[in-house]
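Here the structure is laid out as structure tokens; the discussion comes afterwards.
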Amino acid sequence: MNHPAMPAAAFARPIPEGLADELAARFGERFTRAAAVCLQHGRDESCYEPIAPDAVVFAHSTEDVLAVVKLCAQFQVPVIPYGTGSSLEGHLLAIRGGISLDVSEMKAVLAINAEDLTATVEAGVTRKELNDALHGTGLFFPIDPGADASLGGMSATRASGTNAVRYGTMRENVVALTVVTAAGKVIRTARRAKKSSAGYDLTRIFVGSEGTLGVITEVTVRLYPLPEAISAAVCNFADVDSAVRCVIETIQAGIPIARVEFLDTACVRAVNHFSKLTLRESPLLLFEFHGSPSSVAEQAESVQNLARENGGTDFEWATRPEDRTRLWTARHNAYFAGLQMRPGSRAITTDVCVPISQLAQSISQTNEDLAASQLASMIVGHVGDGNYHVMLLIEPGSAADLEEAEAINGRLVSRAIAQDGTCTGEHGVGLHKMAFLEEEHGADALDLMRELKRAFDPQNILNPGKIVSLD
Ligand SMILES: Cc1cc2nc3c(=O)[nH]c(=O)nc-3n(C[C@H](O)[C@H](O)[C@H](O)COP(=O)(O)OP(=O)(O)OC[C@H]3O[C@@H](n4cnc5c(N)ncnc54)[C@H](O)[C@@H]3O)c2cc1C
């Protein structure tokens, strides 16, 4: 069964033998057409059936990336940058064939400028690898999508995670990028100065461009001092609305919480089962507070008061690092926990983000919609940002399940856009959200995005058919 939003892969054609010969000569075993490797590079964590590229090249340097992009431009063959393959919206499917350019072996940590609070890494370094490299410096990198994604992929999807409510997303935390352009040039988008008004902001054009405008080979990111004190707490509520109201009041009061994650009852049950926890099975908020010991205590007291006013339980604290790690690992594994609710099922994950004042209404209307459906579902969210995910479980091969899940997502997105929100807070567009961009941005803005794509990639070789279609 194919997804209704899937364009026909009919225009994919095998790569020319001339290109294959050139790539084999330059890359040896790092160029492969092995079916299993190609298939693995034509899938992501979405519910789409994989569509394999014709070949995969493993790059080890910016020069390697440059060589592949130049050859692909010469032969007019698509190039799809590949990080760790953890994206969720069909980003990596080779809908027009071509070369998957895997940068995951570009692992150098090039510079840690502790005094400036920045680090520069090659694109294949993952968020956990960067934090391992920062061990002993007193600094950390906060952006934490559930998967241990690459910094190149996270930049390319404008990723965020549980810490974004305090530290921002990749949009706020990428300082500069080195990018190989479709024209076969290597550019640096900015210097390391904290501020700059020097011309168009190329960094922010490439952040979130999903491999469609250039291939990122190096990333400079902001770092933060490790907080002196960290406390995590769990708080249960009688119903979803009370939990969400507590979050809204916390944000509106300007309390600088580091993390606040919402799990509905189905999600708590799934997480308990998957991660062998014993959390109380009702809607819950998972908080984390960072700062000096006194500011952590003050923040926690203020939030506990707001929770009590909304009928929340007394905080259950996780102060030991190993207890906190257990809790947050369980949260990060919520997706896989959800899949275990129905072994063998696939998931469609929604990703709306709304202004915080609209969050309670958004979740409550979504819950009404979910109650009328027979699909198993759960809600989990970075609610401090107004961003939440509904995970809808579908039977593989069931067109009816797929249609119903997409209809729920469509209604959810339309409501979010009407509330001045977005179809995707953090996962990106890929193939799955393309149909919503006109509703969100309007036809003229979407035309301008197409013009941008044409200007950066006139031959349409960089991850073609994603974000905007030029057909
Ligand atoms: C369990 C789970 C939980 C998740 N939780 C979150 C979350 O909380 N927040 C969140 O934001 N995301 C989340 N994600 C989604 C995913 O982890 C992010 O989208 C991540 O940023 C993708 O990085 P990657 O290295 O895996 O990129 P890939 O999946 O390999 O690629 C993603 C896109 O970026 C492009 N790309 C990759 N590398 C480069 C490069 N060097 N240059 C140019 N383009 C490139 C690709 O072409 C593709 O379009 C989650 C995924 C899973 C499976």
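The structure presented is a predicted model; accordingly, all values stated were derived computationally and were not measured. Side-chain atoms are counted along with the backbone in the values below, which use heavy atoms only and exclude waters and symmetry mates.
The structure places CG of Leu462 at 13.0 Å from CD of Glu210, a figure rounded to the nearest 0.5 Å. In this structure, OG on Ser87 lies 4.0 Å from CG on Leu92, to the nearest 0.5 angstrom. A distance of 5.5 Å separates CG in Leu277 from CG in Asn272, rounded to the nearest 0.5 Å. To the nearest 0.5 angstrom, Gln419 atom CD is 11.0 Å from Ser414 atom OG. Between atom CE of residue Met391 and atom CD1 of residue Ile348 there is a gap of 11.0 Å, rounded to the nearest 0.5 Å. Once rounded to the nearest 0.5 Å, the distance linking CG of Leu286 with CZ of Arg259 reads 8.0 Å.
In terms of heavy-atom proximity, Arg30 sits nearest to His60 at CD-CE1, 3.3 Å. Residue Ala164 comes nearest to Asp385 through the heavy atom pair CB-OD2, 3.5 Å, listed as atom of the first residue, atom of the second, then distance. Across every non-hydrogen atom of Ile99 and Cys72, the tightest pair is CG1-SG, 3.7 Å. Nearest heavy atom pair, residue Phe262 against residue Pro283, reads CE1-CB, 4.0 Å. When all heavy atoms are compared, the tightest approach of Val271 to Leu279 is CG1-CD1, 4.4 Å. Here the closest heavy-atom approach between residue Leu339 and residue Arg346 is recorded as CD2-C, 4.0 Å.
A donor-acceptor contact shorter than 3.5 Å links the side chain of Arg127 to the backbone of Ala147. Judged by distance alone, with hydrogens and angles left aside, the side-chain atoms of Asp401 form no donor-acceptor pair with the main-chain N or O of Leu393 at under 3.5 Å. Although no hydrogens or angles enter the test, the distance criterion places a donor-acceptor pair under 3.5 Å between the side chain of Gln459 and the main chain of Ala73. For the pair Asn460 (side chain) and Pro464 (backbone), a donor-acceptor distance under 3.5 Å is absent. Between the Asn113 side chain and the Ala119 main chain, no donor and acceptor come within less than 3.5 Å of each other. Panel note: side chain Asp148, backbone Lys128; a donor-acceptor pair is recorded below 3.5 Å. In this structure a side-chain-to-backbone donor-acceptor pair under 3.5 Å is missing from Lys453 to Val468. A donor-acceptor pair under 3.5 Å is absent between the side-chain atoms of Tyr48 and the main chain of His91, judged by distance alone. Between the side chain of Asn387 and the backbone N or O of His382 there is no donor-acceptor pair closer than 3.5 Å. A donor-acceptor pair is defined here as one N or O able to donate and one able to accept, closer than 3.5 Å; no such pair exists between the side chain of Asp54 and the backbone of Pro14.
Side-chain contact annotation: Tyr224 with Asn173, donor-acceptor N/O pair under 3.5 Å present. For the residue pair Glu426 / Ser160, a side-chain donor-acceptor distance below 3.5 Å is found, with atom types taken as modelled. Checked by atom type, the side-chain pair Thr169/Glu172 shows a donor-acceptor distance below 3.5 Å. In summary, the side chains of Asn409 and Thr350 do not present any donor paired with an acceptor at a separation below 3.5 Å, with no hydrogens or angles considered. Under 3.5 Å, the side chains of Trp328 and Glu288 contain a donor-acceptor pair of N or O atoms. His332 and Asp144 share a donor-acceptor pair across their side chains, judged by distance under 3.5 Å alone.
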Criterion side-chain contact (heavy atoms from CB on, under 4.5 Å) on Leu71 and Leu23, from CA distance to verdict: CA-CA 8 Å; Leu71 281 168; Leu23 290 171; 3.8 Å; yes
Step-by-step side-chain contact (heavy atoms from CB on, under 4.5 Å) determination, Ile257 to Val260: CA-CA 7 Å; Ile257 42 168; Val260 54; 3.3 Å; yes
Derivation of the side-chain hydrogen bond (donor to acceptor under 3.5 Å, both in side chains) call for Glu404 and Ser373: CA-CA 8 Å; Glu404 181 164 355; Ser373 164; 2.6 Å; yes
Working for side-chain hydrogen bond (donor to acceptor under 3.5 Å, both in side chains), residues Asp102 and His41: CA-CA 8 Å; Asp102 185 326; His41 283 75; 2.7 Å; yes
Step-by-step ring pair (Phe, Tyr, Trp, His ring centres under 6.0 Å) determination, His427 to His389: CA-CA 10 Å; His427 294 162; His389 310 299; 4.6 Å; yes
Ring pair (Phe, Tyr, Trp, His ring centres under 6.0 Å) evaluation trace for Tyr167 with Phe140: CA-CA 11 Å; Tyr167 299 96; Phe140 81 117; 5.5 Å; yes
From CA spacing to verdict: side-chain hydrogen bond (donor to acceptor under 3.5 Å, both in side chains), Thr424, Asp351: CA-CA 5 Å; Thr424 172; Asp351 182 31; 2.5 Å; yes
Chi angles and distances behind the side-chain contact (heavy atoms from CB on, under 4.5 Å) call for Thr84, Thr126: CA-CA 8 Å; Thr84 68; Thr126 67; 4.1 Å; yes
Pair Tyr388-Ser362, side-chain hydrogen bond (donor to acceptor under 3.5 Å, both in side chains): steps then yes or no: CA-CA 10 Å; Tyr388 66 95; Ser362 177; 2.7 Å; yes
Test ring pair (Phe, Tyr, Trp, His ring centres under 6.0 Å) applied to Phe27 and Phe58, step by step: CA-CA 8 Å; Phe27 291 98; Phe58 292 88; over 10 Å; no
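Within a 6.0 Å sphere centred on CZ of Arg324, other residues, nucleotides and ligands contribute more than 12 heavy atoms. Atom CD of Glu29 has 12 or fewer heavy atoms from other residues, nucleotides or ligands within 6.0 Å.
A 4.5 Å side-chain heavy-atom check between Arg415 and Asp369 finds at least one atom pair inside the cut-off. Within the 4.5 Å cutoff, no side-chain heavy atoms of Val174 are placed close to those of Arg158. In this structure, the side chains of Leu117 and Leu139 come closer than 4.5 Å at one or more pairs of heavy atoms. A heavy-atom distance below 4.5 Å is found between the side chains of Glu122 and Leu110. Counting only heavy atoms from C-beta outward, the side chains of Ser155 and Phe206 never approach each other to under 4.5 Å.
In this structure, Phe336 has its ring center at least 6.0 angstrom away from the ring center of Phe274.
Ion pairing of Arg96 with Asp471 is present here, as a side-chain N (NZ or NE/NH1/NH2) and a carboxylate O approach within less than 4.0 Å. Taking the charged nitrogens against the carboxylate oxygens, Glu129 and Lys107 do have a contact shorter than 4.0 Å, which makes a salt bridge.
For the side chain to side chain contact (heavy atoms under 4.5 Å, CB included) test with Leu101, the passing option among Val79, Val56, Ile80, Asp64 is Val79; the others fail. Shown are Asp201, Thr203, Thr220; of these, the side-chain hydrogen bond (donor to acceptor under 3.5 Å, both in side chains) with Thr189 is made only by Thr203. The only option from Ile205, Ile467, Val179 that meets the side chain to side chain contact (heavy atoms under 4.5 Å, CB included) definition with Leu213 turns out to be Ile205.
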